[in-house]
Every structure is written in C-alpha cells, then in structure tokens.
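Here is the structure we will look at, set down as structure tokens.
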Amino acid sequence: MKVENLIIGAGISGITVAHKIATELNQKVLIIDSKNHIGGNCFDYYNKAGICVHQYGTHIFHTNDKQVWDFLSQFTKWYPYIHKVKALIDGQETPIPFNLTSIRQHFPPATADRLEKKLMEKFGYNVKVPILELRKTNDEDLTFLADFVYEKVFLHYTLKQWGMRPEDLDPSVTGRVPVYVSKDDRYFQDTYQAIPMQGYTKMFEKMLKHPNIKLKLNTKFQDIKNKITYDRLFVTSPIDQFFDYEFSKLPYRSLKFDFVTLDMPYFQSNSVINYPNNYDYTRIGEYKYFLNDQSKKTTISFEYPVPYKEGENEPYYPIIKEENQALYNKYLSKAKTLKNTYFLGRLGDYKYYDMDKAVKRALEVFQGIKDVA
Ligand code: UDP
C-alpha cells in the first residue's frame, strides 16, 4: 500500500497536521493510532450520568497564542472556563499557585504583612517566582516562607508525581507552578482559557472530517511498516520506540486513574483539588465543573502517578532532566538524518508540551513543509 502522508498517532499533534495537509496541500493522509479512539490523552466522552469525562485526567485548554486559538476555534465553540486549583494544606483548601491570599490564609496577620512586604520589595507585585528560586534568598523571613511552601506544596507532591525531589528535575517542571506575588487565584494567566463546548473528542472529529483523511484505529506502526510506503512520515509516538530503543529507553511517567460516580450533586468545592501531603494520589478531579454539566450525580477521578511500563500503561509525561535530555539528543541527531520524516508532540519531541504548544509545534512543522511544497 502507498500513501502520500502517514501520521503515527491521532492525538492533538497528529490531528492538527492531518487537517492542514488535507485542506491546504490537498493531499491524502492516513492517520493511525494504536488506541481504539482518537484524541490521544486528550480524549473525552459523555458517561451515563451525562458528564463529560476526560479519560486521561483533567485537560484545561489555555493559550496566549491567538493563531492557535483561532485555528482550533474553527472546529468548536468554547465554554469560557477559568481554571483554579486548590491544594489541601494543613487541612485548608489553599489557592495554588501559592499566592498572597494563600499567605494570609496560613499565617497570622503580622507575619503575613511582613512576608507580603518583603516579597514585594524583593520581587515586585504580579511576579512569578519559581520555588527553587525563592529558596535561594538569604532573607530570614523569605527563607521561612520558602521552606514552608517547599515542604507543604512541592516536596511530597513532586515525590509522588515523579518519584524524585524537585531539585532533581529540570527547574522548568516545578517552575510551571510558581509562587505568585499576586492576589490572582487563577491557575493560568493566559488570555484564552476554555473547554470545547462539546468536548475535545468532538472537536477532533471535526478536524479529521475530510475526504483526504483516512483514520485507522487499533493499528500499530510496527505492524504495518513493512506493508506500506509513504512520501512523508509524521511520528508523534515515542521517539525512542521508533528507533527500537537503539540508545536505551527514554523514561516517561504514567498515571493511573480511579474513576468513581457518586450519587450526589457535587463531591468537592472545585474542579481540581491537590493533595500534596495526604493520601497516595496527587489530586482529585471533578469533571462536571468543566462544562457545568447538569446531573444529579458527579464523576470524580483519583490520580495516582506510576512508572511507565510499555504495553501496560500509557506514557503521559517525558521526565525532564539533564541526563534524559542528553539521551533524547542522541535520538534527535538520528532523526535529523531521516528524509521526509518529522517528529512532533510530547512523545515525538520528548517535551512537556501543553495542548496549545503541541498545536503550535504541529502548525510550525506543517508550515515548514508547505513552504517547500
Ligand atoms: N507541583 C507541586 N504541587 C502542586 C502542584 C504542582 O509540587 O500542588 C509541581 C509538581 O512537580 C508538578 C509540577 O509542579 O509535576 C507541574 O504541575 P502541573 O500542575 O503543571 O502538572 P500537570 O497538570 O501537567 O500534571
């Protein structure tokens, strides 16, 4: 069999490229996925209780990139959902990122006044300070605050999430959730924050609906590669697997979810509550909040980080640290020697992309092709 374009993986990256090639180059695309559904780890579905559940954990779309926003807006209307996260710290639901409101909640007024003043003097107002940066200050009060936040918010959550201490990961990982010198309680500050009105899967279905696009689910590249030829290949599956682990395996982190539907209107006060210091799970997600689904029941998920085991669970996250980056770079060098083969997505690029960054990257890969086509 011969196809013009073969795309491995029908997740957000592969689907974006498929749509662009089909519509703008008017070429045929075959997109395959080993799973039995599209959308990769962004897949969602309505359950019997009428709640849109994210099968691979809570996904909240947010971006500052108008090009990405406008691109996806062709395929969905958006429910304007602004994400907030609370963490249970010392028995109190506390705004995360830890901010000036969180400080007031946890310390007596005189202490909070002093910490607030010192933070504003040192960093300014409306400034995000990664916890590993805050720990470097030599002011006694700020060190006290840094130790508190490190211990209560980051250390035990990160040990559960990654099996590692915060300082053993690339600073960008914990830097995603800084300490925020602000009273802004939102998890993200991006201009555009929303959930597709009918869910992510419906949006992806629209992106794939084109006579030039053929989709094959339950299909592994390994199983078809000797039966198929192509002009271009797009790899959104793990780059190390593509090269048969020639330089050894790249580490990934996986998750296990326990979904429960309860006969009550709401379980918790917020869509996501983190448990840095209690229980073995990192967080509980409650899905009806995202699209304000009206149901007498509610569906929640307990999220347990687990090691990735090929064939047993899904790779969710690349593990961003220096030695893994070095190993990835070996694969990248090899990837660059291949003609008409493009790597993208969290697993193809071994990067901790958010959804908008994955789309951006896919649009850029496509543009590179279009410019020479
Ligand atoms: N993090 C933490 N405590 C929290 C929230 C986040 O220690 O309450 C750290 C943890 O290492 C986590 C990282 O910050 O993996 C990034 O968090 P984010 O919420 O961005 O992770 P994601 O939603 O992508 O799993």
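Read the numbers this way: they start at 1 and go in the same order the structure lists the ligands and their atoms. In this chain, numbering begins with 1 at the start of the sequence shown. Computation of the quantities below employed the complete heavy-atom set of this structure, encompassing side-chain atoms and omitting hydrogens, waters and symmetry-equivalent molecules. Because the structure is a prediction, the values reported are computed rather than measured.
No side-chain heavy atom of Lys117 sits under 4.5 Å from any side-chain heavy atom of Asp113.
A cation-pi arrangement is present between Lys249 and Tyr245, with the terminal nitrogen or guanidinium carbon under 6.0 Å from the aromatic centre and inside a 45° cone about the axis. Under a cutoff of 6.0 Å and an axis angle of 45°, Lys288 and Tyr266 form a cation-pi pair.
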Would you sort out whether Tyr328 and Phe343 count as a ring pair (Phe, Tyr, Trp, His ring centres under 6.0 Å), showing the intermediate values?
-> CA-CA 12 Å; Tyr328 164 71; Phe343 291 79; 9.0 Å; no
Give the C-alpha distance, both sets of side-chain angles, the deciding distance and a yes or no for ring pair (Phe, Tyr, Trp, His ring centres under 6.0 Å) between Tyr45 and His37.
-> CA-CA 10 Å; Tyr45 65 96; His37 60 72; 9.1 Å; no
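For ligand 1, the atoms sitting less than 4.0 Å from at least one non-hydrogen atom of Thr174 are 11 (O), 14 (O), numbered in the order shown with element in parentheses. Listed by number with element, the atoms of ligand 1 under 4.0 angstrom from any heavy atom of Gln161 are 15 (O). Numbered from 1 in the order shown, with element, the atoms of ligand 1 that lie under 4.0 Å from a heavy atom of Trp162 read 11 (O), 12 (C), 15 (O).
Nearest protein neighbour of atom 21 (O) of ligand 1, counting heavy atoms only, is Tyr352 OH, 3.1 Å. Remark: minimum distance from atom 23 (O) of ligand 1 to any protein heavy atom is reached at Arg283 NH1, 3.1 Å. Remark: minimum distance from atom 25 (O) of ligand 1 to any protein heavy atom is reached at Tyr317 OH, 2.5 Å. Taking atom 11 (O) of ligand 1 as the reference point, the nearest protein heavy-atom neighbour is Thr158 OG1, 2.9 Å. The protein heavy-atom contact nearest to atom 17 (O) of ligand 1 is Val177 CG2, 3.4 Å. Of all protein heavy atoms, the one lying nearest to atom 13 (C) of ligand 1 is Val173 O, 3.5 Å. With hydrogens left out, the protein atom closest to atom 20 (O) of ligand 1 is Arg176 NE, 2.8 Å, a heavy atom. For atom 8 (O) of ligand 1, the nearest non-hydrogen atom of the protein is Asn274 ND2, 2.9 Å.
By the 4.0 Å N-to-carboxylate-O rule, Lys35 lies too far from Asp33 to be salt-bridged with it. With respect to the salt-bridge test (charged N to carboxylate O, under 4.0 angstrom), the residues Asp168 and Lys321 do not qualify.
When each of Asn64, Asp65, Thr63 is tested with Thr191 by the rule side chain to side chain donor-acceptor pair (under 3.5 Å), just one qualifies, namely Asn64.
For Asp280, the CG atom counts as loosely surrounded, since its 6.0 Å shell holds 12 or fewer non-hydrogen atoms of other residues, nucleotides or ligands.
Scanning Val149, Val153, Ile96 for the heavy atom closest to atom 3 (N) of ligand 1 points to Val153. Scanning Phe154, Tyr275, Tyr157, Tyr150 for the heavy atom closest to atom 10 (C) of ligand 1 points to Tyr157.
Looking at ligand 1, you'll find an N or O of Tyr187 within less than 3.5 Å of one of its N or O atoms.
Ring pair Tyr352/Tyr317: centre-to-centre distance below 6.0 Å.
Taking 4.0 Å as the cut-off, His156 does not count as a neighbour of ligand 1 on heavy-atom distance.
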